[in-house]
Amino acid sequence: MEPTAATERKRDRSPAPGDGASPGVETFEVHDPTDGSVIETVDVASPGRVAEVVARVRGAQPEWEAMGFRQRYRWLGRLRDWMFDNADHLADVMQAETGKVRADAELEAPFICDAINYWGERAERFLADETPPSHNPMFKVKRLRITYSPYPVVGVISPWNFPLILAYDDAMPALMAGAAVVIKPSEVTPLVAIEIARAWKEEVGGPDILDVVNGAAETGGALIDEADFIQFTGSEKTGKSVMRRAADTLTPVSLELGGKDPMIVLSDANLERAVNAAAFGGLANTGQICMSIERVYVEEPIYDEFVAQLADRVGELRQGRDDDSFKQDLGAMTFPPQVEIVSDHVEDARQKGARILTGGKRKDGAGDWYEPTVIADADHSMRVMVDETFGPVIGVMKVKDADEAVRMANDSSYGLSASVMSRDTQRAEQIARRLEVGAANIDDVLTNYFLQDLPMGGWKSSGVGFRHGEYGIKRFCRTEAIVSPRFPQGKRDPLWFPYKRRPRRAIAAVFRFLNARGLRNRLGLGKRR
Ligand code: NAD
């Protein structure tokens, strides 16, 4: 594909390969959150190094795009097979750097294998040329076509909570679209992303269109400067910095940001299911999911029973360092400063009169641990009900009825997703429609993320754009509208120079006939009353 002005601009800014690496390379340490020990030291990619990597994959991208969908799927299919064969190894790497339990760690590689198949089998159809008919009969003589071409280099900046899924879930549609991808994983948990990029090169022998650059804000900023499209997943605060930085080069961004997801429990809900759903939705991955259930609104008649059962259920959960025997339900917190935030939210709620029914404190000993916690009688004066906690804490509030529940659920700057628990699916769906969120799960939690078929993205401060579904791949493409003649062309069209009164008036009359409403009006025979 010919370079565009925009890619030329980005190219001009990139040094030739080899120019970038600084002699004294900086490094950072990756820790095991279960005990704080150092597990690996990783080189920081300087801005020069980032430019070099982007220039390199940019050089290989045209061939990747030209090989077509089937061939690209063949390559990614080999990566899928490698991931299935090495799922245990990948889970080990992830457990070490995140402190996750096995069940949470093992989820990630198969999810990406499914994503590879989803995009591999649909990308060609999703990105096929479209030929919409003209809405205007005057243009029926034209053939209209929309084409989709990938941004040459997509930069993916990802967070620490799902280091494999959130690095590669967006990379896969970008790669299937024909883009090259450079991932900047979280500096807290870069190892699994590095390992997959290594496998792509060394085990799969894939083309040089996928790489990882490591570091923190400076490295991420450099990737924004160099890439042609940025997919960012992370906090609201960083998302705003990313958007500001991208404005300098007019680089398009898609932002998947934080959440404060509510669950509404209606009085006709299957109580036991609602309790189990709240415990799982709130505490899976130690509550470190953007879509974690962080606040629960329960209708008055079942409130006391709900909080009592939830406290029991959460009190039974096992927390500790896991191996591959699935002996724990909750692991450590991955990012040490997050323990401080969780602790602040719980103390704030305690001081303002909420009841801490179970948990409510850090665990003693080495590492970053916080007990699974249920807070009853919470309200919106408390940070735990309004700010993102991103830890193993569930706040529960009593509401008079469904209307109050909807009002409270919408009283948030975030709008990622929500759950409505009820036996009456139709009523729950009506309630879901009133929620200001990008996704709603009826009588369920978290499930929408696993459905690649559906758009996943947030309203309000939860993001800009969507991943998954047809749009999830189209966002990595530029569209081109091509207008062609259907029939042999004359020397000139009636609209062209020289302007003449009669043909212009004739065109105006036809235009009016087609677009005015009512026969008299179409014929210009007087105003309608
Ligand atoms: P973060 O915003 O601190 O960091 C995310 C990434 O951005 C990291 O790779 C980081 O190094 C990089 N970064 C930091 N400063 C940057 C800058 N100035 N320019 C470019 N890159 C920069 O987020 P985190 O703490 O890693 O992740 C937790 C947050 O992510 C939570 O708010 C959570 O809700 C959100 N999240 C959202 C989704 C979603 O799909 N909506 C999914 C998972 C996590």
Side-chain angles (χ1 to χ4, degrees), residues 28 30 33 42 44-45 47 50 97-98 104 108 111 155-170 182-190 193-194 212-227 230-249 251 253-261 284-294 333-342 387-391 412-417 437-439 446 448-450 455-468 472:
F28 63 94
V30 182
V42 176
V44 171
V50 172
E97 65 179 340
T98 60
D104 291 335
E108 298 205 33
F111 178 93
V156 174
I157 301 177
S158 56
W160 46 258
N161 60 328
F162 284 92
L164 197 166
I165 288 181
L166 293 169
Y168 287 94
D169 192 19
D170 295 304
V182 176
I183 299 170
K184 207 299 285 168
S186 169
E187 67 280 19
V188 183
T189 56
I194 295 172
V212 168
V213 291
N214 289 295
E218 190 187 35
T219 309
L223 185 58
I224 299 167
D225 293 346
E226 300 299 335
I230 288 292
Q231 169 61 50
F232 172 81
T233 307
S235 64
E236 176 191 352
K237 183 165 172 268
T238 312
K240 287 177 178 169
S241 304
V242 166
M243 205 165 183
R244 272 194 293 271
R245 177 92 174 228
D248 283 347
T249 46
T251 300
V253 294
S254 178
L255 307 175
E256 297 290 345
L257 309 178
K260 187 75 194 169
D261 283 7
N285 206 44
T286 318
Q288 303 164 115
I289 308 182
C290 53
M291 298 158 53
S292 288
I293 298 295
E294 296 210 351
M333 295 205 61
T334 302
F335 184 44
Q338 202 65 36
V339 186
E340 215 54 57
I341 296 170
V342 171
D387 296 343
E388 186 178 45
T389 308
F390 216 59
S412 173
S413 60
Y414 291 113
L416 196 52
S417 65
V437 290
L446 306 176
N448 69 289
Y449 195 94
F450 296 90
M456 185 266 163
W459 290 19
K460 302 195 268 188
S461 296
S462 288
V464 175
F466 294 90
R467 55 162 66 98
H468 299 171

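Every number for a ligand or one of its atoms is a count from 1 in the order of the listing. Positions are given from 1 along the sequence.
In this structure, CD on Gln231 lies 11.0 Å from CD1 on Ile183, to the nearest 0.5 angstrom. With rounding to the nearest 0.5 angstrom, the CD atom of Glu187 is 8.5 Å from the OG1 atom of Thr219. Of the inter-residue distances, the one linking Asp170 atom CG with Ile157 atom CD1 reads 11.5 Å to the nearest 0.5 angstrom. Note that CZ of Phe390 and CD1 of Ile289 are 8.0 Å apart. Values are rounded to the nearest 0.5 Å. How far CG of Asn161 is from OG1 of Thr189: 8.0 Å, rounded to the nearest 0.5 Å. In this structure, CD on Glu256 lies 7.0 Å from CG on Leu416, to the nearest 0.5 angstrom.
Checked against the 6.0 Å centroid threshold, Phe111 and Tyr449 count as a close aromatic pair.
Every heavy atom of Gly457 sits 4.0 Å or more from the atoms of ligand 1. In this structure, Glu218 does not count as a contact residue of ligand 1, since none of its heavy atoms falls inside 4.0 Å of the ligand. Using a 4.0 angstrom heavy-atom cutoff, Arg467 counts as in contact with ligand 1. Ligand 1 does not have Gly458 within reach: every non-hydrogen atom of the residue lies 4.0 Å or more from it. Every heavy atom of Gly463 sits 4.0 Å or more from the atoms of ligand 1.
Interface of Met456 with ligand 1, defined as ligand atoms under 4.0 Å from a residue heavy atom, comprises 40 (O). Taking a cut-off of under 4.0 Å to the non-hydrogen atoms of Glu187, the atoms of ligand 1 that pass are 10 (C), 11 (O). Atoms of ligand 1 found under 4.0 Å from any heavy atom of Gly220, numbered from 1 in the order shown, are 20 (C), 21 (N). Distances below 4.0 Å separate heavy atoms of Pro185 from the following atoms of ligand 1: 9 (O). For ligand 1, the atoms sitting less than 4.0 Å from at least one non-hydrogen atom of Thr233 are 5 (C), 37 (C), 38 (C), 39 (C), 40 (O), 42 (C), 43 (C), numbered in the order shown with element in parentheses.
Checked by distance only, ligand 1 and Ser158 come closer than 3.5 Å through their nitrogen or oxygen atoms. In terms of polar-atom proximity, Ile157 is not counted as a contact of ligand 1, lacking any N or O under 3.5 Å from an N or O of the ligand. Between Trp160 and ligand 1, a contact under 3.5 Å exists for at least one N or O pair. The shortest N/O to N/O separation between Tyr449 and ligand 1 does not fall below 3.5 Å. At under 3.5 Å, not a single nitrogen or oxygen of Ser241, backbone or side chain, sits near a nitrogen or oxygen of ligand 1. Not one N or O of Ser462 is nearer than 3.5 Å to an N or O of ligand 1, by distance alone.
For atom 22 (C) of ligand 1, the nearest protein heavy atom (residue, atom name, distance) is Thr238 CG2, 3.5 Å. For atom 37 (C) of ligand 1, the nearest non-hydrogen atom of the protein is Leu257 O, 3.1 Å. From the protein, the heavy atom lying nearest to atom 35 (C) of ligand 1 is Gly234 O, 3.2 Å. Among protein heavy atoms, atom 32 (O) of ligand 1 sits closest to Glu388 OE1, 2.7 Å. What sits closest to atom 42 (C) of ligand 1 on the protein, heavy atoms only, is Cys290 SG, 3.0 Å. Among protein heavy atoms, atom 23 (O) of ligand 1 sits closest to Ser235 N, 3.4 Å. Protein heavy atom nearest atom 18 (N) of ligand 1, with residue, atom name and distance: Ala217 CB, 3.8 Å. When only non-hydrogen protein atoms are considered, atom 27 (O) of ligand 1 lies nearest to Pro159 CB, 3.2 Å.
Just one of Lys460, Glu236, Glu294 meets the side chain to side chain donor-acceptor pair (under 3.5 Å) condition when paired with Tyr414; it is Glu236. Exactly one of Ser417, Ser462, Ser292 qualifies for a side-chain contact (heavy atoms from CB on, under 4.5 Å) with Asp261. That residue is Ser417.
At a 4.0 Å heavy-atom cut-off, ligand 1 does not touch Arg245 at all. Only the side chain of Asn161 comes within contact range of ligand 1, with a heavy atom under 4.0 Å; no backbone atom does. Contacts between Phe390 and ligand 1 below 4.0 angstrom, taking non-hydrogen atoms only, involve the side chain exclusively. Of all the heavy atoms of Glu236, none lies under 4.0 Å from any atom of ligand 1, so neither backbone nor side chain is involved. Contact annotation: for Phe232 versus ligand 1, heavy atoms closer than 4.0 Å belong to the side chain alone. Only the side chain of Leu166 comes within 4.0 Å of ligand 1, judged by heavy-atom distances.
Between the side chain of Ser186 and the main chain of Val188, a donor-acceptor pair closer than 3.5 Å is present. At distances below 3.5 Å, not a single donor-acceptor pair connects side-chain atoms of Asn285 with backbone N or O atoms of Asp104. Judged by distance alone, with hydrogens and angles left aside, the side-chain atoms of Lys184 form no donor-acceptor pair with the main-chain N or O of Val213 at under 3.5 Å. A donor-acceptor pair under 3.5 Å is absent between the side-chain atoms of Glu226 and the main chain of Gly221, judged by distance alone.
Closest approach of Asn214 to Pro190, counting heavy atoms only: OD1-CB, 3.4 Å. Across all their heavy atoms, Gln288 and Trp160 have their closest contact at OE1-CZ3, 3.3 Å.
Between the side chains of Glu108 and Tyr168, no donor-acceptor pair of N or O atoms lies under 3.5 Å.
Proximity of His468 to Asp169: side-chain heavy atoms (C-beta onward) are separated by under 4.5 Å at one or more points.
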